[in-house]
Amino acid sequence: MKLDLSPAAPPAPLRPLTDRSAWHLRANAPVVAWLLATVVVAVGHRWISASPWLLVHLLLLGAVTNAICVWSQHFTDALLRRRITPASRRWQVARLVLLNGAVAATVAGMVTATWVVTLVGAVGVGVAVAAHGTALWLQSRRALAARFAICVGFYVAAAWLLPFGAGLGATLARGLDEGWRTRVVLAHAGFNLLGFVGLTVMGTLMTLWPTMLRTKMADDAPRAARTTLALMLVGLAGGVAAVLAASPPVAAVGLATYLAGIVVSVRPMVTAARRRPPATFATWSAACALAWLVGSLATLVGVLALSGTWETAAARVGIVTVPLVAGFAAQVLLGALTYLVPVVLGGGPAAVRSTTAVLERGAVLRVVLFDGALALFVLPAPSLVHVLASLTALGALVAFLPLLVGALRVHRRARRTPFVPPTAEDVAAAHALGQDLRARSVDARQGPPVEAVTGPRRKGLAVAALSVLLLVAAGGVALDPAALGTGTGASPTEAGASGVVVPTGRTTTVEVEARDMRFYPATIEVPAGDTLVLVVTNTDSTVHDLVLDTGATSGRLAPGATETFEVGVVGRTVDGWCSIVGHRQMGMVLTIEPVGGSVGGTSLADGGADPAGAGAGAGAGSDSEAEHDGMAGMDHGPVGSGDASGAPSAATDLDFMAAPGDDFVARPAELAPASAETVHRVRLAVSELVTEVAPGVTQTLWTFGGTAPGPTLRGKVGDRFEIALVNDGTIGHSIDFHAGALAPDRPMRTIAPGEELTYTFTATMSGVWMYHCSTMPMSAHIANGMFGAVVIDPPDLPAVDREYLLVQSEYYLGQQGGEVDMDRLATGDPDVVAFNGYANQYDAAPLPARVGERVRVWVLAAGPNRGTAFHVVGGQFDTVFSEGAYRLRPGNAEAGGSQVLGLAVAQGGFVELAFPEAGRYPFVTHAMIDAERGAHGFFAVTG
């Protein structure tokens with residue numbers, strides 16, 4: 001090309017954005033808006049109702065569906081060389097307006113649990129997308145034959161599948177029993193994610209992938225596309241049919257067929273990548289998204305093939321949700337937008353190149369951070385590692401939004417800057433630096449020549465990203481050291497396991513299985529002097545570990561995990577136990593015994609004494625009868641200690657006459673009326689919090705929703721409750737709702753740290769019902785804070801002036817800031833008895849009432865060991881409702897009243913009364929020793 005070195009012409013006036021550019025800015029605005037909404041929910045998910053559903057659907061139903069409807073029309077116009085008319089644009093706008101209004105209605109209906117609104121939204125989404133697919137089909141019928149018209153077939157099929165998925169989604173919102181729910185969820189995901197999103201993505205990448213790589217398309221690409229479309233549709237139809245009418249292995253066959261279709265289309269894409277490897281954020285993101293899709297589908301095929309029943313499959317299929325939604329759908333969306341936005345904005349080579357450069361900033365760093373963090377999230381790891389990994393992945397994704405804003409600003413600035421041809425001096429200087437100014441002459445229709453990051457800089461960014469990922473993993477472990485076996489509460493001794501035995505030089509390896517609160521074998525005999533290696537496998541459904549009195553430990557083991565560790569040379573009896581709270585007391589202990597050989601000339605086989613003796617360390621010896629009084633290997637520690645560490649119990653700091661601090665805020669006892677909702681969706685996150693339970697006394701409680709008792713749920717007979725239980729703790733937990741009748745096997749199962757389950761029940765009977773953790777030992781989990789109340793109103797429950805809820809429970813105090821003292825718990829003699837989780841809190845913050853007002857008090861005895869005899873000093877009950885029935889109502893023939901609501905553990909009811917005059921009325925449990933331990937409060941009645 002000959003370079004024009006004549007003087008520069010006067011700058012041309014700034015041209016406005018082309019119609020195409022302005023159109024795409026407006027059309028893609030909802031995509032950005034839904035992405036922002038997804039980010040808001042991701043950041044605040046702990047405080048947002050139905051956040052798991054929102055995260056998936058704001059991204060897929062909001063952002064991805066809008067992007068598909070906009071860009072599939074754009075690619076159809078390009079592939080069919082179609083002329084765009086104002087009328088067709090108006091129809092497209094109408095469809096997009098209907099789509100976004102329907103998505104908003106669907107979201108509103110789900111958040112408010114208003115099924116009619118959800119149904120209207122689902123119908124609107126189905127109509128809008130089906131109309132979009134029909135429009136594309138009509139356009140393809142009228143156009144001349146095109147080489148890649150098959151890609152439009154992908155778009156049409158995808159759009160016509162979505163209404164089926166929307167219909168199933170509305171069915172799910174209405175409510176299904178647990179047996180059908182899993183199957184309908186899978187069918188719903190099949191139509192929407194694999195059908196609508198998957199088909200659209202594969203149809204687009206056929207032509208977009210080589211374009212992004214700036215290489216030619218494989219000659220067999222159109223044929224591969226036709227094969228891919230056929231296999232994906234056949235596989236999807238077979239898979240969905242099997243999900244609804246057959247068994248998981250049959251569904252696996254359909255899904256494998258769908259996966260085979262993807263593999264067919266991947267082959268020409270790999271060929272193109274070999275010619276020109278990916279070197280930009282757009283291409284790397286698309287490649288990684290495809291990898292997550294293929295890996296997730298292969299995993300799902302394996303899960304279904306190995307699951308004999310849908311109940312079994314339901315517990316496993318959740319492992320692919322995050323990879324498919326985030327790894328595949330979100331990543332391919334941002335990768336495609338990174339390439340397409342600069343191209344459609346146009347404005348000439350300089351503007352396109354500048355816009356692309358902004359969107360490509362930190363490409364290597366962002367891709368490695370996102371995909372590496374997602375891998376950390378998916379792999380087994382401590383829950384805090386999962387939390388930090390999810391935040392890292394979210395940050396890498398969110399970086400696209402400010403870059404997009406910056407790209408739009410740069411694009412506008414570039415369009416305003418007139419082109420100035422280079423002078424002769426510029427050319428001479430460029431040649432001196434070895435540059436070629438001709439490289440700036442680019443056909444804008446082919447897109448910008450993105451400057452590839454140089455090798456050293458690319459490696460540097462990759463190393464930086466990997467360093468961040470290492471910090472995430474290390475930080476998660478540092479914040480939760482017990483997850484890897486440090487800080488487990490073991491009491492290591494100075495001496496090891498050898499005593500003074502003569503080492504033999506041999507190694508004995510023993511496999512130990514942890515299940516059903518036992519170790520198998522519980523006694524291990526080892527030739528004296530041998531080095532012992534233990535291979536510990538947790539085949540239980542909850543977290544376990546093995547801690548030895550030498551200090552050696554397996555670390556926390558998730559269900560299914562195996563850990564190998566060396567005990568050392570064995571020359572004395574070694575005790576072991578599981579350090580998870582309560583497991584040792586339930587008999588999860590182990591003993592290692594040396595046999596044969598000699599120690600200091602004394603044969604162990606002849607009954608020689610253990611030379612380490614009791615002095616080898618606390619709990620190290622086995623000769624003391626005191627140490628084996630009860631369960632073998634248990635060291636209860638000094639009398640009055642809160643745990644085996646010997647630290648004093650927090651009970652020594654109890655002062656029931658002390659007032660709480662100035663910053664004390666009593667837990668609200670007021671009970672809000674039941675809402676009009678018939679479907680209640682609640683997210684309960686398990687967390688471990690250091691909480692004050694009495695003035696100056698703290699304990700590390702295991703909580704539902706961050707409080708003990710957990711959040712109160714209220715509804716009416718016939719209401720449906722959908723509870724998302726998320727285990728953010730460090731050990732296994734579960735939940736049991738007495739308010740619902742259903743087989744406990746699956747919904748009440750223990751889930752490991754980082755896992756989540758959905759517990760669904762319908763309230764068919766009224767009452768105040770307990771919910772609690774049912775993981776063994778159940779007494780420890782309840783006593784450590786894992787309980788709450790569900791209030792189901794009796795039909796035609798009369799309105800009253802005030803309603804309160806009091807949940808009575810007990811604390812068996814460990815050390816300050818510690819967990820429940822299992823030895824104290826075993827006596828059934830609590831240190832503290834409290835209403836709503838804090839001793840005497842309503843002495844400091846009395847519950848208000850007025851003279852003559854009708855007051856209803858709901859009471860639940862949560863235990864775990866003691867019931868209640870609820871009484872209001874100076875008051876009389878004219879209404880008593882206990883365990884589902886009225887025992888007393890006003891106007892009874894006997895003119896009778898009640899003084900006490902007596903409830904056994906886990907029972908509940910309510911009483912009603914009116915206060916005759918102003919004053920302070922104490923309320924207590926009339927088991928007076930418990931009232932004096934903190935089950936006490938006041939009603940402050942004013943005139």
Side-chain angles (χ1 to χ4, degrees), residues 52 56 60 158 161 164-165 168-169 171-172 176-199 201-202 228 230-266 289-329 374-375 377-380 539 541 558-560 743 745-747 749 751-752 754-758 760:
V56 172
L60 296 182
L161 286 172
F164 295 99
L168 291 175
T171 303
L172 287 168
L176 292 169
D177 62 54
E178 193 66 29
W180 270 102
R181 180 176 176 79
T182 297
R183 303 170 76 164
V184 175
V185 166
L186 288 173
H188 170 67
F191 280 124
N192 289 0
L193 186 55
L194 302 185
F196 181 59
V197 179
L199 284 170
V201 169
M202 297 313 301
T228 292
L231 287 173
M232 291 178 75
L233 287 175
V234 170
L236 184 61
V240 170
V243 164
L244 296 176
S247 63
V250 178
V253 175
L255 189 61
T257 305
Y258 179 95
L259 179 58
I262 293 176
V263 173
V264 168
S265 65
V266 167
L290 267 182
W292 281 110
L293 175 62
V294 172
S296 299
L297 292 179
T299 301
L300 191 53
V301 169
V303 165
L304 294 176
L306 297 175
S307 299
T309 64
W310 287 110
E311 289 73 17
T312 303
R316 301 172 177 172
V317 296
I319 61 177
V320 300
T321 301
V322 172
L324 283 174
V325 173
F328 167 57
L374 189 57
F377 183 86
V378 172
L379 293 172
T539 60
S541 60
D745 307 59
R746 291 205 48 73
R749 70 185 185 274
I751 59 173
E755 291 186 353
E756 178 174 342
L757 68 76
T758 299
T760 303

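Between the side chain of Thr228 and the backbone N or O of Ser265 there is at least one donor-acceptor pair closer than 3.5 Å. In this structure, the side chain of Arg749 does not engage the main chain of Leu757 through any donor-acceptor pair within 3.5 Å. Side-chain atoms of His188 do not come within 3.5 Å of backbone N or O of Leu168 as any donor-acceptor pair.
Looking at every heavy atom in both residues, Ala752 comes nearest to Pro559 through CB-CD, 3.6 Å. When every heavy atom of Pro323 is checked against every heavy atom of Trp292, the shortest pair comes out as CB-CE3, 3.7 Å. Closest approach of Ala252 and Val301 over heavy atoms only: CB-O, 3.7 Å. Taking both residues in full, the closest heavy atoms of Leu193 and Val197 are given as O-CB, 3.3 Å, listed atom of the first, atom of the second, then distance. Across all their heavy atoms, Asn192 and Gly165 have their closest contact at OD1-CA, 3.1 Å.
The side-chain heavy atoms of Val250 and Ser247, taken from C-beta on, include a pair separated by under 4.5 Å. Under the 4.5 Å side-chain criterion, counting only non-hydrogen atoms from C-beta, Thr309 is not in contact with Pro248. Counting heavy atoms from C-beta outward, Phe196 and Leu161 have side chains that stay 4.5 Å or more apart. Using a 4.5 Å heavy-atom threshold, the side chains of Tyr258 and Leu231 count as separate.
Taking CG of Leu379 as the start and CG of Leu374 as the end, the distance is 9.5 Å to the nearest 0.5 Å. Atom CE in Met232 sits 12.0 Å away from atom OG1 in Thr257 (nearest 0.5 Å). Taking CG of Leu199 as the start and CG of Leu194 as the end, the distance is 8.5 Å to the nearest 0.5 Å. Separating the CD atom in Glu755 from the CD1 atom in Ile319 is a distance of 10.5 Å, to the nearest 0.5 Å.
Within a 6.0 Å radius of CZ in Phe191, more than 12 heavy atoms belonging to other residues, nucleotides or ligands are found.
Of the residues Leu293, Val294, Leu297, the one that meets the side chain to side chain contact (heavy atoms under 4.5 Å, CB included) test with Phe328 is Leu293.
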